[in-house]
Every structure is written in structure tokens, then in C-alpha cells.
Amino acid sequence: MRLLGIFAACAVLAGAASNDTFLIRDADVYPVTSAPVKGVSVLVRDGKIAEIGPKLVAPKGIKVVEAKGLRVYPGMIDSATQLGLSEVGAVRETVDTGELGELMPQLRALASVNPDSELFGVARVNGITSAMTYPSAGRGGGRGAGGAQLISGQAALIHTSGWTWEDMAVRPSAAVCVQFPNLGRGGRGSIPDDVLGMLGEAGPAGSYTQTLRTYQQQIAKLSDFFEEARRYQRVKAAHEPGFEPNLKYEAMLPVLERKTPLAVSVSSPKTIHDAIAFAEKQNVKIVILQPRDLRSAAAELKAKNVPVILGKTLALPGNEDDPYDEAFTLPEEVHKAGIKFAFGTFDNEFVRNLPYQAATAVAFGLPQEEALKAITINPAEIWGVSDQVGSIEKGKTADLVVTNGDPLEIQTQIKYLFVAGKEVSLENKQTRLYERYMKR
Amino acid sequence: MRKLLCAGLMAALAPLGAETIVIRNATIMTVTKGTVKGSVVVKDGKIAEVGEKVLEPQGATIIDAAGQYVIPGIIDCHSHIAVDGGVNEGSVSVSSMVDIKDVINPEDISIYRALAGGVTTANILHGSANAIGGKTIVLKMRWGKDAQQMIFEGATPGIKFALGENPKRAGNPQGGGRGAGAQTVQARYPATRMGVEDTIREAFNEAKAYKAGWDAYDAKVAKGEHPIPPRKDLKLEALKEVLEGKRYVHAHCYRQDEILMLLRVADDYGFKIRTLQHVLEGYKVAKEIAAHGAGGSTFSDWFNYKMEAVDAIPYNAALMQKYGVVVSLNSDDAELMRHLNTEAGKAMKYGGVSESEALAMVTLNPAKQLGIDNRVGSVDVGKDADLVIYDKYPLSDYAKVQKVLIDGTVYFDRDKEVSERPAKEAQKKKLTDQEKQLQQQQRPQGGRGGRIG
Amino acid sequence: MKKLVTALLLFGAFAWAESPQAVAIRNAKIVTVSGPPMAKGTVVLRDGLIEAVGENVPVPADAWVVEGEGMTVYPGLIDAMSTVGIPSLAPAPSTGAVSGRGGRGAPTTAAPTATTAAPTPRSMGPEDRPQTASWVLAADEIQPTDPRIATVRSAGFSTTVTFPERGIFGGQGSIVDLSGAEKTGEMVVVPAVGQYIALARGGFGGGMGGGFPGALMGYIAYVRQIYLDADHYKLVKEAYAKDPRGMARPQYDRALEGVLDSRRILLPANRVVEMDRMLRFAAELKQPVILYGMREGYRPEAAAVLKKYNSPVLVSLKWSEPPRDADPEQEESLRTLENIDLGPSTPGLLKKAGVPFALYADGLDQARDLQRAVKRAIDAGLSREDALRALTLAPAQIYNVADRMGSIEKGKIANLLVTKGELFDDNTRIQMIFVDGKQFKPADEAPAGGRGMTTDNPGVNQ
């Protein structure tokens with residue numbers, strides 16, 4: 001009897017230890033990197049996708065998810081968030097982006113991520129299983145460095161579920177964030193700045209010549225810093241005695257070795273061109289964030305194979321005269337130019353709406369398959385983790401989303417969620433409040 | 001003769017005259033009578049007929065909507081577009097003397113962009129800087145018309161209240177202020193939620209006394225006397241109208257405590273809150289809201305951007321509706337207002353709201369909240385022909401607005417607009433080149449930016 | 001001998017700006033504005049008035065003669081909205097930002113004046129009468145020592161309609177002849193011509209930092225409340241005057257007195273939306289109104305709305321310029337481009353539409369700048385005659401003083417402009433200007449608000 005008890009205990013233990021081994025049965029699988037297949041099963045073993053095929057037999061004792069009539073997609077990837085680093089945008093104490101200092105490549109976003117942020121729970125239940133999280137001053141919170149910061153730190157690609165940030169890390173240092181100097185100008189209220197200027201009311205301040213000068217000075221500053229980093233690299237390689245490690249330059253080494261790209265936010269043809277030229281001169285890899293106005297830059301991005309992360313598709317046009325659908329058609333424009341791209345929400349609360357940003361792009365011309373790729377395999381490739389995530393293929397981590405339909409459709413429900421090979425509850429703070437007040 | 005391009009542009013986008021139109025072969029989501037596969041006849045600015053088979057009047061303009069969808073024009077219950085010179089009179093905590101109606105900007109491009117997103121009517125509100133804010137107005141998005149013509153005739157005017165963090169921000173100049181320059185600012189009462197309640201009560205006390213004065217005057221006049229009238233005070237006049245039910249109160253609120261507070265204050269002074277705006281914790285006190293009779297106009301899924309929004313849930317709309325509150329979904333944002341159709345779709349996702357109920361949240365429900373449901377909000381015979389044609393199922397991000405009609409006139413036509421873009425680009429290029437030439441002439445030889453003053 | 005005497009007398013005339021008993025300008029081209037121009041004629045001035053004008057007018061024996069061969073005589077120009085004469089309202093030294101008074105009221109650079117105390121407490125509502133000095137008359141603030149008087153006169157202006165442009169209700173403007181008399185009273189033609197009202201525009205926060213009002217709608221509400229209060233005040237005063245017994249006396253409110261005294265108001269309007277809004281507002285307040293600014297006056301909608309109300313307007317001569325130093329990649333909006341392109345065609349189009357208007361210098365005080373600005377309007381479709389009229393008889397008509405100025409007619413005030421060359425041409429030089437019959441010679445171009453007052457010092461510029 002005791003032996004049975006021990007066996008039972010072992011079985012339970014085995015079962016408990018194998019919550020990352022399970023079978024999803026009889027679903028329509030959308031691998032993304034190959035054509036969808038109907039009515040097949042996916043076997044996950046030890047958190048990795050082991051087998052995809054019809055009529056797979058589940059090994060004894062493992063959990064089976066009956067998925068007849070449902071679909072399986074790779075977990076979606078948001079290429080631009082500050083998840084875990086910011087809780088309530090208006091409350092500075094809860095925001096950990098935007099540190100002080102001009103050149104700060106050594107700052108690590110990863111170790112400041114709060115795995116228990118409510119925002120993870122909200123994002124993942126709509127199928128976003130991983131996200132890039134950035135250290136730079138974002139919207140609504142980071143008052144730290146203001147506009148003067150040039151290098152903000154290292155962004156991390158993380159899973160949206162896990163016990164600790166170590167647990168959640170997919171790529172601890174996925175990019176070094178550069179705030180490229182800009183030449184911006186904005187409008188005020190319902191009347192753009194230039195119109196106000198025309199009417200003799202407060203016009204745009206400063207002159208372009210001045211702005212340009214400052215812009216060039218800032219780029220020179222960046223160049224100098226890269227130069228210093230390269231000198232450090234040489235000194236370190238020479239193994240001279242008395243060598244002292246410098247955290248800032250250490251952080252630059254993977255960039256100089258072309259292992260880690262720069263993530264650069266630039267939006268206009270001139271700044272895009274200058275950013276690309278800068279990367280070329282420094283011989284580093286670059287990813288461009290949120291380009292809005294392409295024009296001549298499109299051909300250059302394609303020619304130099306620079307990938308871009310597009311911001312929210314649902315955005316207002318930049319200028320009064322721009323077509324109302326200027327932002328809606330940008331993804332299609334980028335795709336047509338042959339540029340590799342992924343979507344990012346540049347947000348925290350609205351990460352869950354990532355698939356709908358992609359859907360809007362489809363309404364305005366982007367092919368459906370491209371939209372799906374832009375939130376799965378493309379970001380995986382851009383951030384150098386395509387060996388682990390981004391599609392349903394043997395050997396990859398089981399980041400899977402089981403739905404009752406097209407995840408880009410709003411009414412689609414997520415039925416099961418698997419992050420890093422483990423099933424994750426579809427409960428979050430919001431569902432709990434809902435349940436509670438249903439009973440009032 | 002120089003072409004007046006601006007006029008040309010306006011003319012190009014200006015509506016065709018009110019004509020008889022048949023929208024043919026569409027899937028019509030009426031909101032009140034389910035979905036009909038058929039046609040809509042529009043005559044004299046009104047919906048004349050809806051049905052599977054309709055009588056097409058002789059000479060009517062035919063809009064072939066085969067494979068497309070028709071819904072009622074979307075109504076945004078919370079917007080700040082088309083306002084000139086500032087949306088907040090934030091200098092005082094009771095600013096009921098100001099009126100959005102005075103500062104309508106009919107040339108705000110946001111109007112056109114909203115139109116291109118299917119919005120035909122919007123409730124234009126004062127901002128949320130004051131416990132009692134300014135007077136508000138309902139507009140139709142009649143792009144190309146002047147300020148007066150934009151006003152929704154006969155819609156009851158409103159006034160904006162605000163509770164929670166925003167109206168007390170000016171009471172705490174050091175903490176909480178976002179980007180308010182380095183100047184030392186005098187603190188403006190109130191600085192806490194308690195003070196917000198006090199401010200509202202004090203204002204209505206004053207308003208009651210003011211009303212008593214005018215009632216006494218009216219009584220004397222009715223008796224044939226000729227007394228000197230009391231001084232007309234714009235601030236208290238607006239509140240007097242609230243007490244008399246002539247002006248709707250739209251109250252921005254978040255947390256359940258302040259929602260309940262306002263309902264009780266209104267009860268004490270004998271008036272009703274018409275709509276609670278944002279009302280992100282409305283689901284917690286839905287019972288009380290329904291009992292009072294206030295409508296709830298909320299976001300589909302915003303949360304967490306400030307402390308009072310941390311308990312916001314996307315099931316808010318569904319839950320409030322379950323308890324009997326008339327719920328609408330609004331934008332409070334010039335961008336979000338362009339896709340309220342998909343916000344309605346989210347109500348279906350969160351809380352199992354049915355398709356027609358979800359659509360009602362951006363059409364008939366806001367119409368009811370604004371008291372204009374006799375005119376708009378559904379595809380029903382006799383109502384204004386405010387209609388939107390989508391190329392695909394409207395409650396989806398895959399859909400695009402093709403045409404928008406207001407009062408039976410086509411105010412937005414995507415195909416037409418897209419075809420006119422090259423001409424507009426050319427015009428602009430011509431003027432830009434001309435201007436560059438002018439700048440070259442002005443610049444001295446080898447000029448470096450000309451005469452910088 | 002005669003020539004020597006004449007020369008001596010002329011020298012004497014230039015030596016000091018004093019009015020001789022009578023002056024005759026003979027054999028000059030005379031553009032009267034009220035009638036067809038005369039190729040060769042004579043104007044006689046006496047005691048500050050025009051005694052005679054015509055082709056065959058005899059020269060009185062006691063008159064100082066100005067040989068007008070090769071010269072043209074025009075009526076002195078009238079600047080329909082100005083602050084010249086009130087030194088504290090001179091604009092601060094330019095920092096390159098766009099300046100100009102049209103459509104932008106609110107206290108900008110005004111130093112504290114006699115009428116407003118030093119730091120004013122923050123206004124908490126309309127009852128505090130914020131930024132209001134409606135009782136002020138420009139005539140009471142004119143200082144003959146304001147250096148701008150001479151500057152502006154050298155540009156061809158004999159007269160300005162000067163307004164105390166401060167705050168929301170600045171006070172009433174006065175028509176002022178720039179004769180540099182010692183006693184201000186001698187310069188005033190009409191002491192009160194209308195109330196200056198300016199409405200600033202607020203940002204999103206709308207005055208949270210400052211007092212009431214902050215947003216545009218706050219300014220409008222305030223103005224509306226003032227007029228409601230004024231009506232009520234009048235009612236109460238009349239009732240009290242009829243029988244004060246048993247009645248609480250009306251509280252003296254000089255802001256309301258100032259408003260009640262004004263026979264018309266001036267409101268800012270540059271965009272068509274503003275024109276519509278302001279005209280409707282003035283009609284609601286039951287006030288005759290003059291709109292000033294008119295930057296979008298070229299649009300057909302502008303003419304349409306102006307014709308509906310048939311109010312006269314003042315068009316700023318400060319045409320929009322392309323930005324000097326702008327980002328070449330940044331596109332300007334179509335609206336701005338059109339404004340730059342079509343702005344100068346505004347006067348011509350208004351004339352065609354039959355809208356009564358005048359031009360005003362809006363801070364342009366150099367002859368060359370003024371001429372250039374008017375020339376641009378002429379090139380864009382305004383006839384020369386209409387351009388001249390817009391700076392002479394039209395403003396006189398708008399302010400109801402066409403019976404005494406604005407043209408060269410017998411009996412009118414002797415304000416004359418004498419040029420070599422046609423007015424508004426690039427190479428035209430102003431030879432002399434008569435104000436109230438006093439003769440002035442323009443100085444060499446001096447920077448605005450220059451150094452010292454008497455830029456027309458005798459003998460210096462010979």
C-alpha cells in the first residue's frame with residue numbers, strides 16, 4: 001500500500017514537474033513560417049515544441065488540451081513597450097524609465113522589470129507572450145533625462161509571464177537605445193504652429209540654423225563616445241596590466257562587435273538618413289523605431305537592409321494637409337518598399353491591442369500574412385531570437401496562443417495561453433474585479 | 001485670376017446638395033430592428049424607407065453598396081475637437097460662465113478626420129480642470145459649414161463637471177502638475193476630493209439664491225408690476241438652468257466614491273446628472289447609477305494611466321449595462337474618435353455584449369444620453385439620414401469607412417477624396433516652389449538664413 | 001532777389017516747425033482723393049485749414065510759397081489703428097519674433113502706467129474686472145514727446161487713430177494729428193472714437209497659472225458679462241435718477257461707465273472663423289463694430305460674412321512673410337502657403353466685394369516699408385486710387401470725420417503729404433508733410449523709437 005502511495009506521489013511529482021509537457025489536440029495550426037495546417041496536434045515537451053502533426057499520441061499522464069475547432073498561433077511579440085518598468089504613468093514613483101545622464105549604455109532594463117506589474121497580466125491574456133521593454137524616457141512618465149539623453153541603456157526582450165525577471169528573460173540585452181537628436185516641430189491645439197505664426201501670434205521659436213547646429217553637435221558627441229568605446233576595446237584586447245573595466249564602454253562592446261543592434265528613434269527622411277549613415281560609419285547594426293515620414297528614406301532603408309519598428313497604426317497624421325489615412329497606409333508603404341518591419345505599440349496599457357494595430361494596416365492594404373508576420377516571426381528575427389520564438393516550429397520555445405478565431409479580429413477570444421512552455425492563467429486583475437462585481 | 005485654392009479645396013470636399021439617394025444592396029445594421037439585407041431611401045435629409053425591397057424614386061442618385069454595410073452615424077459623447085483658444089478655463093474652479101458654443105472652430109481638420117472615421121455627431125465638452133466647468137454643445141460634423149451651421153439644432157445644451165484628480169490639480173501646484181513651468185503658482189481651491197464636493201455644493205447654494213431672486217422677479221412681472229430685474233450673472237445663470245432641468249450635466253469622474261458623491265449632491269439639490277463621463281469605476285456602483293437615472297459614457301479599455309484609473313476594467317460597459325445603465329463608448333481623443341466602431345467591437349469581446357447592443361453603444365445610446373434619439377442613433381424611417389457605409393463588417397479593424405452622409409448629404413467619400421489627392425499635392429507643390437523662389441529673392445547673396453532678427 | 005527771399009523763407013520754414021500764417025504750394029500735381037487728380041494746381045493753407053485748392057487758385061500775398069514743380073500733393077495719411085503718441089505702448093526691441101498688434105491683445109510689453117497699479121491681484125472672476133481700463137481715453141495719454149510721432153510722420157502719416165491697447169478693455173481711441181504741439185489738446189481731433197477690445201488665446205490648461213480669464217471662451221464670457229452689467233447698471237441708474245427714495249444707490253463702476261460711453265467697439269479678427277464669431281458677438285452685444293487684423297480677408301468666405309453684417313474692417317499692412325530660417329524638410333500647410341501668396345490681394349478683393357475697409361500700418365513706421373507693403377497690395381489688384389483712399393478718406397469715413405479730413409478740399413484740416421514721385425512707388429521720396437498746417441521735413445530713415453525726438457532738426461539734413 002505504501003509503495004502505491006510512493007508511486008502515486010512520484011506520478012504526482014512527475015506530473016507537477018511536467019507542466020511544460022502537454023499536447024494540444026486537433027487544432028488548426030498557424031505556424032507563420034509555413035502554411036496553416038488544419039486538424040493537427042502540437043506536442044510540447046519540456047517547454048519546447050517537439051512535434052507537430054496529425055493524430056499525435058499523447059504520452060501517458062501528460063495534460064491534453066482539446067482544441068477541436070480552435071486555432072493555434074505563435075505568441076505575439078510587441079517590439080516596443082516599457083512593460084515592467086512603468087506602472088501608473090502619471091505617478092513618477094512608479095516609473096523607472098528615463099534615467100538622468102547623457103550617455104548611459106550600461107543601464108539594464110531587465111533587472112528593473114517588476115514581474116508582478118498588473119500590466120503583464122492584461123497584455124498577455126490577449127496573446128502577447130513577449131515584448132521588448134525599453135529604458136528610455138517614454139510617454140507619460142520619464143521626466144528624468146528630458147530631451148538631452150543620447151544613450152538610454154539596454155532594452156530587453158522578455159516573456160510576459162514568469163516568477164522573476166531572470167525567468168522572464170528571452171534576450172537580456174536585445175538592443176542599446178539611442179535617442180538620436182531631432183529637428184522636431186509641433187502644433188498647438190486645433191491650429192498648427194505655422195498658421196499661428198502667419199497670424200502674428202506666437203510662432204515657432206528658434207531658427208532652423210540654430211537647431212541644425214545643435215543637432216550636428218549632438219551627433220558629434222555620439223561619434224566621440226563611440227570612438228572612446230573603440231579605444232577601450234583595443235586596450236582591453238591588448239590585455240595590458242592595470243587595465244580597469246569601465247561599465248559604460250563594456251556595455252558598448254557587443255554593439256561594436258555587431259552582436260547587439262542600436263535601437264534608434266528617428267522619424268523624418270533627413271534624420272533617418274543621418275542615423276543610417278552614423279551606423280555605417282561606426283560599423284554597427286541598427287534598427288529604426290517609429291519612422292513616420294519616409295519619402296526618400298524608404299529606398300535607403302531597403303538598400304542598407306535596415307529593419308524598422310512601426311508605431312501604432314492608429315495614429316493621427318503629422319500635418320494638417322496630410323491624408324487622413326497617412327498612418328494607416330504606412331505599413332503597406334514600408335512593405336511595398338521591401339523593408340523588413342515589425343509592429344510595436346510604444347505603450348504599456350495598450351499592448352493588448354497589438355493585433356488590432358496590425359489589422360488596421362490590413363484594412364489599408366497590408367497583406368494579411370505580412371501583418372501576422374510583423375507581430376511574430378519578424379520581431380523575433382529583428383531582435384535575434386528567432387531560434388527561440390516567433391513561429392510554431394520544432395525546437396522553438398512553446399509560446400502559444402489558442403484562439404477561437406483570427407486573433408486580429410476583435411471578437412476573437414483567447415482560450416488557452418502558453419508562455420515559455422507553461423500554461424498561463426487567463427485571469428488578471430481586471431477579470432478578478434469583473435467576477436467580484438458581477439456578484440454585487 | 002488666381003485660383004483660391006482653399007476655397008477650391010473646401011468646394012471639392014463640400015457636400016453635394018440635399019438630394020434623393022438610394023443606398024442599394026447593403027447589409028443594414030439598424031440597431032433598433034436588427035440587420036436588414038436591402039436598401040435605404042433618403043429624401044429631404046431624412047430616412048424615407050428601409051427594407052429588403054424599397055421603392056426607388058425616379059431620378060434618385062444610386063449608391064451601389066453591394067457587399068457593404070450601413071450603420072447609423074456614430075455619435076461621440078465626449079470630444080474636445082473644434083474648439084478655439086483653449087479647452088479649459090482653468091483659472092477658477094467654477095467656470096460655468098464660459099461656453100464652448102462661443103469658440104467653435106469649424107475649420108479644425110479633426111472634424112474631417114472624425115467624419116472619415118464614421119462620426120456624424122459629437123458632444124463637444126469643456127475640459128476637466130474645474131469642478132464645475134463651462135457650457136457644452138452638440139455638433140454635427142458638417143464639414144465645410146460655418147460654426148452656427150455645425151450646431152445640432154434643438155439639442156439640449158450641457159455643462160461639464162469634473163471630479164477626481166484633474167479639478168484638484170491646480171490646488172497642488174508642486175505635486176502632480178505636469179510640465180507647468182517654473183513659475184510659483186498660487187494654489188487654487190480645491191486641493192482634495194473633499195474640496196471638490198464643497199465647491200459644487202457652494203456653487204449650487206449660490207445658484208439657488210440667484211434663482212430665488214429671479215423667480216421672485218418673474219412672479220412680480222406676472223402680477224403686472226415693473227420691478228428692476230436682478231443682475232444677470234452668467235456663471236449662476238448656467239447653474240440655474242441645471243436646477244430647472246434645462247441644461248444637461250456631463251460629469252467627468254473615475255472613482256466610485258466621487259461618482260456616488262455627485263449623485264447624492266444632485267439628489268440634495270433636486271437635479272439629475274445626465275451622463276457620467278469616463279466613469280471607469282462605474283461598474284462598482286452601477287446599481288446606484290441606474291437608480292439615479294444617469295447614463296454612463298466610458299472608454300472601452302483605457303486604464304492605469306493615472307491612479308484613479310488603476311481599477312478600470314474593459315468589462316465596465318458590459319457590467320454597467322447589466323445593471324440597467326444606458327452605456328455609451330466615447331473617445332475623448334481626436335484619434336480614438338476615428339475608430340469608435342472598433343471600440344464598440346471591444347464591448348463584444350469583454351463581457352459578452354451582443355452585436356446590436358455593442359453598436360448601440362456608439363449610436364443609439366449616446367443619442368439617448370444627449371436627448372437626440374428622436375432625430376439620430378438608428379436607421380429608422382423619419383430619422384435624420386446620418387449614415388455610414390463600411391466596406392466590411394463594421395465592428396472590426398478590417399473595415400474602412402467608404403461614405404458618410406449627414407442630413408442626407410454625402411460629406412465624406414473615400415474614393416472621391418483619394419482620387420483628388422494628386423491634384424491637391426500638385427497645388428501645394430506649386431505654392432511651395434513659389435514660396436521658395438520668393439525666399440531666394442529675399443535672401444542676400446550666399447545668405448546664411450537671411451536676416452535673423 | 002525774389003528767389004533769395006524765397007530761399008531764405010524756405011530755410012526759415014525748415015528751421016523750425018512753426019506754422020506760418022499762410023502757405024501756398026503751387027504748380028504741383030494734386031491728388032485730392034475726393035475728386036479727379038489735377039496735373040497742375042495750387043493749394044492754399046491758412047490757420048491750419050485748407051483755404052483753397054484748384055488749378056487756377058491765386059497765391060495770397062502773405063503766403064509762403066512752396067514751388068511744387070515736379071512734386072505731388074496728397075492728403076496726409078491716416079493710420080487707422082495705432083499706439084503712436086503713447087510712449088509706454090511702444091513695442092519692445094524686436095527679437096525676431098513676429099510682432100504686430102493685429103489680433104493679439106493682452107498685456108505684452110506694457111510697462112505699468114498711470115492708470116493701472118503695480119502688481120494687480122490675481123483675478124478670480126468677471127467681477128474683478130480683470131485687465132480693464134475702459135474709461136481711459138487715448139487723448140489723455142498722448143505725450144507729444146513720443147519719438148514715434150516724428151518717425152511715423154516721416155513715413156507720410158499726418159494723423160493716427162491712437163488706441164490705449166492694454167489688456168482686454170483698453171479704453172477709447174482718439175484721432176490725433178501728429179503736429180507735435182506743446183499742448184496735447186491741440187493735437188486731438190476727436191477724443192473718443194471707440195473702445196479697444198483684445199482677446200488673447202489660451203493653451204490647453206487655460207490660465208491655471210494666471211488669473212481669470214485664461215481661455216478664449218473666458219475672454220468672451222467676460223466681455224459678455226461686462227455688457228450685461230452695463231445694461232443693468234444703466235437701468236438701475238435711470239431708476240435711481242427718477243426717484244432715489246427707498247432705493248439702494250447704484251455702486252459707481254467706472255469700468256461700466258467707460259463701456260457705456262463708447263459709441264463702438266473694435267474687435268480682433270484674422271481668420272474667417274474669427275470674423276464670423278466676432279461679428280455675431282458684436283451683434284449680440286448690440287454694438288457697432290470695427291474688425292481689425294483681417295489676415296484671411298482674401299478668402300471668398302470672408303467677403304461673404306463681412307457683407308452680411310456690413311461692418312467696416314481694418315486690414316493690416318503687415319503681410320505674412322515666408323519664414324526666414326525654416327527646416328527645409330518641414331512642409332508648411334496649404335493654409336499658410338496661401339496666406340503668404342494671397343494676403344496682399346485682400347484689399348483688392350474686399351474692394352471688389354464692396355466691403356468698406358481701411359488699411360493700417362500695424363507697426364510699419366518706415367516710409368520704405370510702408371510703400372513696399374502698399375505696393376504689394378497694388379500689384380495684387382488694388383488700384384492706386386483705392387490704395388490711397390484706404391489710407392485717407394476711408395479711415396476718415398469709418399471714424400465719421402470725413403467732413404473734416406481725409407481729402408484735399410476747401411475747409412478741411414490742412415494735412416498734406418508732398419512727394420517727389422508717385423506715392424507707393426519704390427523710388428518715391430517724401431519731401432514734406434503738413435499737419436494742421438504746420439510744415440515738417442522728414443528725417444533720414446531712423447530706426448523705430450530712435451534716439452531723441454526732433455529727428456527733423458533744422459539744418460542738420462540740408
Side-chain angles (χ1 to χ4, degrees), chain B residues 2 4-7 9-10 83-92 95 97-100 102-107 126-127 129 134 146-148 169-170 173 177 180-181 183 185-186 188 228-235 424 427-428 431-432 434-436 438-439 442-443 449-453, chain C residues 94-97 122-126 199-222 224-225 228-229 231-232 235-236 239 271-274 276-277 280-281 298-301 305 321-325 331-332 334-335 337-338 340-342 345:
Chain B
R2 283 204 177 101
L4 295 175
L5 300 159
C6 207
L9 181 67
M10 293 291 240
V83 174
D84 244 358
V87 140
N88 271 305
E89 179 50 66
S91 55
V92 289
S95 65
M97 73 287 280
V98 308
D99 197 338
I100 289 283
D102 285 332
V103 289
I104 298 169
N105 176 11
E107 294 182 2
H126 183 279
D146 70 30
Q148 285 302 103
R169 189 163 291 133
Q183 38 178 179
V185 178
Q186 217 178 314
R188 181 200 77 174
I228 302 175
R231 177 181 159 269
K232 197 159 205 168
D233 183 312
L234 290 173
K235 178 176 90 174
K424 183 175 165 189
Q427 285 171 347
K428 197 166 171 189
L431 279 180
T432 310
Q434 216 169 292
E435 191 203 19
K436 287 220 159 46
L438 190 63
Q439 278 174 307
Q442 285 175 350
R443 210 161 280 174
R451 303 197 289 285
I452 303 171
Chain C
S94 174
T95 53
R122 182 179 140 163
S123 146
M124 291 311 293
L199 310 167
R201 102 190 357 265
F204 193 87
M208 268 213 245
F212 177 86
L216 176 61
M217 52 185 166
Y219 283 84
I220 293 178
Y222 171 54
R224 180 179 284 131
Q225 184 69 65
L228 285 171
D229 289 350
D231 286 342
H232 188 256
L235 214 63
V236 172
R271 295 152 47 222
V272 168
V273 167
E274 291 169 333
D276 182 38
R277 181 184 297 144
R280 225 174 330 112
F281 190 41
Y298 54 88
R299 289 174 55 185
E301 297 90 345
V305 73
E321 300 283 324
R324 291 288 161 79
D325 191 15
E331 281 182 3
E332 285 185 286
L334 193 57
R335 215 189 326 197
L337 291 169
E338 279 183 356
I340 293 169
D341 187 40
L342 298 171
S345 62

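So you know, we letter chains A, B, ... as the sequences are listed, proteins then strands, and number each from 1.
In this structure Asp229(C) satisfies the salt bridge (Lys or Arg N to Asp or Glu O under 4.0 Å) test together with Arg231(B), Arg129(C), sequence neighbours excluded.
With a 4.5 Å cut-off on non-hydrogen atoms, Ile100(B) touches chain C through its backbone and its side chain both. Heavy atoms closer than 4.5 Å to chain C are found in the side chain of Ile228(B), but not in its backbone. Thr432(B) touches chain C through backbone and side chain together, each having a heavy atom under 4.5 Å away. Proximity to chain C (any heavy atom under 4.5 Å) is shown, for Pro229(B), by both the backbone and the side chain. Residue contact with chain B, scored on non-hydrogen atoms closer than 4.5 Å, involves the side chain of Leu228(C) exclusively. Interface remark: Val305(C) contributes no atoms to any contact with chain B (heavy atom separation under 4.5 Å).
Annotation: side chain of Asp84(B) is in contact with side chain of Arg277(C) (closest heavy-atom distance under 4.5 Å). With contacts defined as side-chain heavy-atom distances shorter than 4.5 Å, the pair Ile220(C)/Val103(B) qualifies. Two residues are said to be in side-chain contact when any heavy atoms from C-beta on lie closer than 4.5 Å; Glu89(B) and Phe212(C) meet this criterion.
Smallest separation of non-hydrogen atoms from Met124(C) and Val92(B): O-CG1, 3.1 Å. When all heavy atoms of Ser91(B) and Gly214(C) are compared, the closest pair comes out as OG-N, 4.3 Å.
Each of Lys232(B), Gln148(B), Lys235(B) has some count of heavy-atom pairs under 4.5 Å with chain C, and the biggest count is that of Gln148(B). The most heavy-atom pairs under 4.5 Å with chain B, out of Arg224(C), Met217(C), Arg280(C), come from Met217(C).
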